[in-house]
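Basis for what follows: all heavy atoms, side chains included, without hydrogens, waters or symmetry-related copies. All ligand and atom numbering here is 1-based and tracks the order in the structure.
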Amino acid sequence: MVAASETAHLQSLYADIKNEIDKAHAEKTYKYEVPIEDEQGGTVTVNGKTVVMLASNNYLGLANHPRVLKAAKEGLEKYGYGLASVRFICGTQPIHRKLEEAIAGFFGTEDAILHSSCFAANEAFFTALVSGDMGHKDYRDMIYSDQLNHASIIDGIRLSRIAVKTTDLRAYPHNDLKQLETWLEEDKDKNIRIRIIATDGVFSMEGDMAPLPKLYELSQKYNALLFVDESHATGALGKRGRGTPEEQGLHGKIDVISGTLGKALGGACGGFLTGKKVLIDYMRQKSRPYTFSNTLPPVVASASLEAIKMLEEDTSIVDKLHENTAYFRKQIKALGFKILEGIHPIVPVMVGEAAVAQDMSALMLEHGVYVRGLWYPVVPKGEARLRVQISAAHTREDLDKSLDAFSKAGKKLGVIT
Ligand code: PLP
């Protein structure tokens, strides 16, 4: 413990920081972490009690799947715990290349590059792509980005605009294709070197999809590169779990896909970019989070590879997830709840005011169901919700128990009658 006298010179800084934290408590925006006492699964243990987990991105239930655990152990035994290096110095093992090839095969692209997270991959992509002049002079680069894109895309774009002063941004309202097309048309004859349209495939607060066919058409018409973050869609959408492009008939057609290994594909950590070989090779040279940050642990590479293999083998896990999602969506509506319509396992159950969402999530936990509430400023005022996330790991019993808890808590708080 640092003695108070040793930090006296920073007294005012620490007082300011404490004020900020107190403010977050007062505004009820302070983020609490609830310890889960066992492994991530369809059910988990919280405070010694088994509860149904409706708040994790473990869409395929692979976080504790025996095959994934076995592959992780094999990776550990064969390749050790870590490489203590970045990839290009002495941090590449066959398992890393195998995983990159498997990712490219899975998405129908030419090559892939691993990063320590999708956050890092997204930051890397925009910054690396616009960082050099590539022999051009007097040009601008333009990024068209959906306003609801993930924080990592937003930060990646911010960083790219700080790193070089030649990058511009047009942030279009969520899925507003009219606005996007108007801007693309306006910019058509300008001296723009690179045009990028950037979108999440699935938006995490709403569970809705980007309209990829139209975005694809616009990207072709206006010579733009289409970048899609498939973090929430991989494993969850499409008959074979290939995500939003598969769901919308564009498998293998997206220029660049970014994604995570930290959700459906095992749930540990790691991210990737996948697309044309030449672009991925460029990223290997230019991505700073790749060049200056450690290799993905072989344990994670081995387990993620197994997760992809499982999806390549058959559609049983994806089918189970789709079946569970359809069941829950239908039954929660039958109880009288308003949800945001869609097909994704993210099911936002709308409850109105923030206080209701807070009380309801606490009541649900008392009834043995772990689900988190979201409210302003994360979502618009008056649109507070409980964000349910369905998993292939849920049994029918888990889903029925959750529906029963929703019914009881919803009636008690007057959300349903
Ligand atoms: N992109 C999207 C759309 C996400 O939802 C997330 C995670 O929440 C990320 C990127 C970051 O992924 P990772 O946890 O691999 O950094």
By ring pair (Phe, Tyr, Trp, His ring centres under 6.0 Å), H394 pairs with (sequence neighbours left out) none
Could I get the full list of ring pair (Phe, Tyr, Trp, His ring centres under 6.0 Å) partners for Y144, not counting sequence neighbours?
-> none
Could you tell me whether some N/O pair between [X] and ligand 1 is separated by less than 3.5 angstrom?
X	answer
G271	no
F119	yes
K263	yes
D200	no

Under 4.0 Å from a heavy atom of H232: give me the atoms of ligand 1 that qualify, with their elements.
-> 5 (O)
If we number the atoms of ligand 1 from 1 as shown, the ones under 4.0 Å from a heavy atom of D229 are 1 (N), 2 (C), 3 (C), 10 (C)
With R396 as the cation and Y327 as the aromatic partner, state whether NZ or CZ is under 6.0 Å from the six-membered ring centre and within 45° of the axis.
-> yes
Where is the nearest protein heavy atom to atom 12 (O) of ligand 1: which residue, which atom, and how far?
-> C118 CB, 3.4 Å
Is the closest basic N to carboxylate O distance between [X] and [Y] below 4.0 Å?
X	Y	answer
E181	K221	yes
E217	K214	yes
D187	R170	yes

Should we count NZ of K253 as having more than 12 external heavy atoms under 6.0 Å?
-> no
For atom 14 (O) of ligand 1, which candidate among T199, L261, I153, T260 provides the closest heavy atom?
-> T260
Options E123, H150, E230, H115, ranked by nearest heavy atom to atom 6 (C) of ligand 1, top entry | H150
Non-hydrogen atom of S152 closer than 4.0 Å to ligand 1 = yes
